[in-house]
Amino acid sequence: MVEKYIKNTAFMKCRFDYHLLFIILLIAPVIKAQYTPSDRALIKTTSIRQYDNEIIKRYLTSANEQQTTAALLAISNSGDTSWISNILNLSPVKDYRRDIVFCLSQLGPSTKSTEYLLQLLARSSSPYEIRGILSALGNTGDSAVLRNIIGMTFEGKALSILNFYSRGIKSPESEAIIVSEILSDDDSVSLAAMFAANRMGLSARLHATFVKIFNYEISAGRYNSEKTYYCLVSFRRAKKAPYSVSEAKVRNAKFNFNQRVEFARTLPFLREKDSLDEVYTDLLLDKNPNVAISAASSLADLKNNDGGVIKGLYPLLREIILEPSLNEDVRGNIFTGIISMFPDSSVILRKECKSKISKKYYLKSFGIAKLILPMEQQELLNLADDGSSTEKIEVITALASNRNEWKKIFDYDKELLNLISNDPEPAIISVFFESIDSAFIAENSAAVAKAIIDFFGANKDNYETSSAYPQLLKTLESISAADHGEAIRILKSSSKVSPESIAPLKPGIKAPELKSFEMFDKFIDRAFTYSSARILTTKGEIRFKLLPQYAPLTVGNFIWLTESGFYNGVKFHRVVPGFVIQSGDTSGTGWYGPGYQIISEFSYLPFTEGTAGIASNGPDTEGSQWFFMQKDFPHLNGRYTAWGQCSESIEVIRNITESDAVLRIVLEK
């Protein structure tokens with residue numbers, strides 16, 4: 001089959017379009033408006049999750065196509081499966097068949113939906129339409145449906161298999177289907193299968209298939225094809241890169257941004273590692289800081305590898321870290337990489353580099369290496385009390401992750417109990433219980449339970465604390481049912497948050513009503529006012545189109561906050577090279593928002609390069625934090641709110657790092 005692939009794939013047939021493959025039913029080439037300014041009543045009943053059945057039904061049965069599609073979009077976010085019968089009574093006309101299938105897919109497992117989709121599949125002739133329906137069946141069907149799909153003769157089943165797999169429904173024949181589709185003559189089928197394989201995990205058989213495809217793409221000169229990219233992702237995930245250092249040197253010079261980001265992450269897994277210094281030099285000094293950060297981050301994976309290779313890199317890294325023009329985040333990641341490689345030298349390295357790196361990387365090093373001096377220990381404890389929010393998070397992570405070692409040198413448990421008992425910030429207490437070992441909780445169960453219950457009591461009406469609740473409830477559940485029940489009782493008395501609203505919302509479970517949302521009028525009055533925006537950053541300008549027809553509350557919220565100057569000077573607190581850049585938290589930690597939450601507004605819009613999304617801690621927990629995609633990532637589709645699209649500032653988005661900030665935002669009509 002590999003020979004067949006090589007013979008028939010002389011050229012990439014087209015740029016892989018996730019819009020056409022990963023989102024349901026692509027029969028309509030033009031994206032049509034869903035919500036309009038005249039749909040205020042429908043948007044309002046959706047925005048508070050108190051669905052007015054008469055409004056929904058009137059829209060759903062309207063002769064106006066736009067109103068029908070708007071109703072389908074509203075229902076797709078409700079989790080209310082009682083609407084399925086009404087949806088199936090609609091005529092599946094071409095104009096909004098895609099909307100019907102997306103809605104059924106979002107509502108989750110349903111026998112009625114599955115039967116309808118199978119009937120629709122039998123009448124479909126377009127390959128893209130067939131793949132869209134198959135993908136939806138992966139969200140609605142059971143194991144018998146998976147077996148049926150696997151037995152079908154046409155291609156394009158990989159995403160359906162992935163959706164079943166994500167729900168815990170598997171088949172021993174799945175891998176053979178995915179290997180076959182990876183080797184398809186149809187590039188869209190092949191790339192979808194490569195994506196699915198990477199999400200599901202690689203076996204030796206799949207890895208061998210990726211190696212063969214990678215070698216062929218490179219031999220054909222397609223260094224920057226989507227297939228090459230997915231192969232690099234697979235090598236990083238498998239921790240096995242099938243090329244030598246000499247081959248790596250040549251390829252690095254020919255790769256583009258996304259390929260270089262992934263390629264840098266594979267360096268620790270080369271089949272031989274002698275003379276890595278030259279490749280690392282090129283990547284650590286790359287003109288794009290996110291490529292350099294990826295290379296620096298990969299150093300941590302060398303710590304358990306050949307000691308000779310590590311020692312050979314040491315003088316090079318020490319030289320590069322002193323380079324005056326080096327990006328702050330590149331320097332910091334090199335520093336933490338050196339600490340990972342040489343933990344026994346951490347005390348000396350911290351002393352030598354403290355004045356040369358930003359404080360967050362200095363503090364991160366304590367979570368990596370266990371060695372600590374008495375004066376450093378006191379410094380950490382002081383920062384835990386009086387440091388900034390970002391400093392406290394790094395300190396608490398270090399303290400929690402080093403309990404076994406550090407409790408031998410100071411009164412560890414007492415200090416930590418003080419930290420979580422003195423009205424801690426939600427980020428601090430949540431991070432602490434995510435990082436601390438179970439022995440600490442067991443040995444201090446009464447004090448821990450009291451601290452958490454006191455936290456619930458003091459903060460129950462504060463939206464900003466709700467991000468910590470799931471972790472805290474999990475901790476209480478491990479202590480006793482009575483303590484967990486007391487926390488639930490406190491939450492039920494909250495005027496802002498309910499126990500249901502902080503639980504993960506699964507398909508087919510009705511979205512809980514919001515207890516309070518006073519901002520609707522302010523947001524909807526602004527949602528359709530502007531068509532685009534310009535974000536002026538320290539790296540340049542990001543220009544993008546607003547999409548209120550799919551996410552009116554999200555767009556209105558962004559405009560409201562922009563008009564108030566909320567985003568001015570706010571840092572990009574989270575940047576994952578090759579994935580996203582994220583901003584919108586005035587604390588710079590990623591844990592806070594504007595003091596309220598808005599609903600999720602999921603749609604069939606794909607998360608492709610340049611898409612603007614809104615960050616979430618679970619359904620209906622969106623606030624002020626937004627992100628832009630550095631590449632296509634279809635696993636976000638239908639799971640996050642897409643509310644904007646950038647088409648002309650991709651290079652700016654690719655160059656943003658965590659040392660950058662928003663200067664101001666300009667709205668345009």
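Count residues from 1 along the sequence.
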For the residue pair [Y] / [X], report whether a side-chain donor-acceptor contact shorter than 3.5 Å exists.
| X | Y | answer |
| --- | --- | --- |
| Glu328 | Thr657 | no |
| Lys571 | Ser583 | no |
| Ser480 | Asp483 | yes |
| Asp277 | Thr281 | no |
| Gln378 | Asn382 | yes |
| Thr621 | Gln597 | no |
| Thr554 | Glu601 | yes |
| Tyr361 | Asp329 | yes |
| Ser495 | Asp461 | yes |

I need the full list of ring pair (Phe, Tyr, Trp, His ring centres under 6.0 Å) pairs touching residues 315-356, with sequence neighbours left out, sorted by first then second residue.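 Sorted pair list: Tyr314-Phe342.
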Taking only residues at least two apart or on different chains, which pairs with a member in residues 368-409 satisfy ring pair (Phe, Tyr, Trp, His ring centres under 6.0 Å)?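 Of all non-adjacent pairs touching residues 368-409, none passes ring pair (Phe, Tyr, Trp, His ring centres under 6.0 Å).
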Atom of [X], atom of [Y] and distance for their closest heavy-atom approach:
| X | Y | value |
| --- | --- | --- |
| Ala447 | Leu417 | CB-CD2, 3.8 Å |
| Ala427 | Trp591 | CB-CG, 3.2 Å |
| Tyr592 | Ser587 | CD1-OG, 3.1 Å |
| Ile409 | Gln377 | O-OE1, 4.1 Å |

Can you check whether Phe579 and Phe627 have ring centres sitting under 6.0 Å from each other? no
Is the centre of the Trp643 ring less than 6.0 Å from the centre of the Phe544 ring? yes
Leu553 and Asn557: side-chain contact (heavy atoms from CB on, under 4.5 Å), yes or no, with the steps? CA-CA 6 Å; Leu553 266 292; Asn557 175 44; over 6 Å; no
Side chains of [X] and [Y] in contact at under 4.5 Å (non-hydrogen atoms):
| X | Y | value |
| --- | --- | --- |
| Leu313 | Ile310 | no |
| Asp632 | Met629 | no |
| Phe572 | Gln582 | no |
| Leu349 | Ile321 | no |
| Pro552 | Ile524 | yes |
| Leu663 | Tyr567 | no |
| Thr397 | Lys364 | no |
| Gln471 | Ile429 | no |

Would you find more than 12 non-hydrogen atoms of other residues, nucleotides or ligands less than 6.0 Å from [X] atom [atom1]?
| X | atom1 | value |
| --- | --- | --- |
| Tyr640 | OH | no |
| Ile488 | CD1 | yes |
| Lys522 | NZ | no |

Residues [X], [Y]: salt bridge by 4.0 Å N-O rule:
| X | Y | answer |
| --- | --- | --- |
| Glu425 | Lys392 | yes |
| Glu541 | Arg534 | yes |
| Arg489 | Glu486 | yes |
| Arg350 | Glu352 | no |
| Asp620 | Arg49 | yes |
| Glu609 | Arg654 | yes |
| Arg574 | Glu658 | no |
| Glu434 | Lys474 | no |

Tell me whether Ser346 contacts the main-chain N or O of Pro343 through its side chain, where contact means a donor paired with an acceptor under 3.5 Å. yes
Exam field: side chain Gln625 to backbone Ser616, donor-acceptor pair closer than 3.5 Å: no
Gap between atom [atom2] of [Y] and atom [atom1] of [X] - 0.5 Å precision:
| X | Y | atom1 | atom2 | value |
| --- | --- | --- | --- | --- |
| Leu383 | Ile393 | CG | CD1 | 13.0 Å |
| Phe410 | Leu380 | CZ | CG | 8.0 Å |
| Ile452 | Leu473 | CD1 | CG | 8.5 Å |
| Leu284 | Asn327 | CG | CG | 12.0 Å |

Lys370 meets the salt bridge (Lys or Arg N to Asp or Glu O under 4.0 Å) criterion, sequence neighbours left out, with none
Arg331: salt bridge (Lys or Arg N to Asp or Glu O under 4.0 Å) partners, not counting sequence neighbours: none
Before giving the answer on side-chain contact (heavy atoms from CB on, under 4.5 Å), spell out for Phe558 and Leu667 the whole-Å C-alpha distance, their side-chain angles and the decisive distance to 0.1 Å. CA-CA 10 Å; Phe558 176 79; Leu667 301 166; 4.2 Å; yes
Leu605 and Thr611: CA distance, side-chain angles, deciding distance, side-chain contact (heavy atoms from CB on, under 4.5 Å) verdict: CA-CA 9 Å; Leu605 293 181; Thr611 298; over 6 Å; no
Please determine whether side chain to side chain donor-acceptor pair (under 3.5 Å) holds for the pair Asp660 and Thr537, giving the CA-CA distance in whole Å, both sets of side-chain angles, and the decisive distance to 0.1 Å. CA-CA 7 Å; Asp660 289 307; Thr537 78; over 6 Å; no
With a 3.5 Å cut-off and sequence neighbours excluded, list the donor-acceptor pairs that the side chains of residues 438-446 form with protein atoms.
residue : atom : partner : partner atom : Å
Glu443  : OE1  : Arg403  : NH2          : 2.8
Asn444  : ND2  : Asp413  : OD2          : 3.1
Asn444  : ND2  : Phe440  : O            : 2.9

Given the ring of Phe263, does Arg236 sit roughly above its face, with NZ or CZ under 6.0 Å from the centre of the six-membered ring and within 45° of the axis?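 Geometry flag: not set, cation outside 6.0 Å or 45°.
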Check step by step if side chain to side chain donor-acceptor pair (under 3.5 Å) holds for Glu391 and Tyr362. CA-CA 10 Å; Glu391 291 169 349; Tyr362 170 74; over 6 Å; no
Sequence neighbours excluded - side chain to side chain donor-acceptor pair (under 3.5 Å) pairs with any residue from residues 336-345: none
Criterion side chain to side chain contact (heavy atoms under 4.5 Å, CB included) against Phe455, the qualifying member of Ile420, Thr465, Ile490: Thr465
One pair to check against side chain to side chain donor-acceptor pair (under 3.5 Å): Ser600 and Glu622. What are the steps and the verdict? CA-CA 6 Å; Ser600 308; Glu622 288 77 0; 2.8 Å; yes
